[in-house]
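First the structure, in the form of structure tokens, and then the observations on it.
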Amino acid sequence: IQTPEGYVSPTPPSNLCLHSSTTVLGDNLLGIWPENSAKFDVNSASVAHGSNVVATGDDFGTVKLFEYPSRERYAKHRCYFGHSAHVCGVRFTFNDKYLVSVGGD
């Protein structure tokens, strides 16, 4: 990570919260992983540009909304069903008005 002053850090600071993110890994996303899940059960995550919510799509055909950051294991969430198979991707639109999800076969 490079700061405006030019300092380059080999590792991000522990209190780093991204404005927008699409990764499913990291300390700020520990709570999105279901109990007894495999490392590939959560396929996609999208942090809203307002950075107070993260959406996930998983192998069980569900889209979930969590508070962001979600640092506690097995965090409370809202669960939405609508896909008949796994959810490959979720993304918030540029203005956070919509959440788009895409599924697999």
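Just so you know, residue 1 is the first one in the sequence shown, and it goes up from there. What you are looking at is a predicted structure, and each value in this text was computed from that prediction instead of being measured.
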Exercise for the section: May I ask you to test the Leu99-Val63 pair for a side-chain heavy-atom distance under 4.5 Å? Expected result: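 With C-beta onward as the side chain, the pair touches.
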
Handout entry: Non-hydrogen side-chain atoms of Pro34 and Val42 separated by less than 4.5 Å
Key =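 Yes, their side chains come closer than 4.5 Å.
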
Exercise for the section: Give the other cluster members for Leu30, using side-chain heavy-atom distances under 4.5 Å between Ile, Leu, Val, Met, Phe, Trp and Tyr residues; answer none if it is isolated. Expected result: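 Grouped by the 4.5 Å side-chain rule, Leu30 forms a cluster of one, so the answer is none.
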
Exercise for the section: Let me see the working for Tyr68 and Val53 under side-chain contact (heavy atoms from CB on, under 4.5 Å), right down to the final yes or no. Expected result: CA-CA 5 Å; Tyr68 181 81; Val53 67; 5.5 Å; no

Practice task
Apply side chain to side chain donor-acceptor pair (under 3.5 Å) to Asn52 and list each qualifying residue two or more places apart in sequence or on a separate chain.
Solution key: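 None.
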
Practice task
May I have all residue pairs that pass salt bridge (Lys or Arg N to Asp or Glu O under 4.0 Å) and include part of residues 45-60, sequence neighbours excluded?
Solution key: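 Listed by first then second residue: Asp58-Lys64.
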
Handout entry: Summary of salt bridge (Lys or Arg N to Asp or Glu O under 4.0 Å) pairs that have at least one residue in residues 43-56, sequence neighbours excluded
Key =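 Qualifying pairs: none.
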
Problem - Backbone N/O of Ala38 and side chain of Trp33: donor-acceptor pair under 3.5 Å - result: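 Not at all, since once roles are kept as given, no pair shorter than 3.5 Å links the two residues.
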
Handout entry: Residues Thr56, Phe66; criterion side-chain contact (heavy atoms from CB on, under 4.5 Å); working and verdict
Key = CA-CA 8 Å; Thr56 65; Phe66 297 85; 3.6 Å; yes

Practice task
To the nearest 0.5 Å, tell me how far Ile32 CD1 sits from Leu65 CG.
Solution key: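 The CD1 atom of Ile32 sits 12.0 Å away from the CG atom of Leu65.
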
Using a 3.5 Å cut-off and no angle test, enumerate the donor-acceptor pairs between side-chain atoms of residues 72-80 and protein atoms at least two apart in sequence or in another chain.
unit_1	atom_1	unit_2	atom_2	d
His77	ND1	Ala75	O	3.0

Distance-only donor-acceptor hits, side chain of residues 82-95, under 3.5 Å, sequence neighbours excluded:
unit_1	atom_1	unit_2	atom_2	d
His83	NE2	Ser101	OG	2.8
Arg91	NH1	Ser44	OG	3.0
Thr93	OG1	Asn95	OD1	2.9
Thr93	OG1	Lys97	N	3.4
Thr93	OG1	Tyr98	N	3.2
Thr93	OG1	Tyr98	O	3.4
Asn95	OD1	Lys97	N	3.0

Exercise for the section: Could you pull out the closest heavy-atom pair between Ala45 and Val54, with the gap in Å? Expected result: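 Heavy-atom minimum between the residues: CB-CG2, 4.2 Å.
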
Handout entry: Nearest heavy atoms of Thr23 and Leu25, plus distance in Å
Key =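 Where Thr23 meets Leu25 most closely, the heavy atoms are OG1-N, 3.2 Å.
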
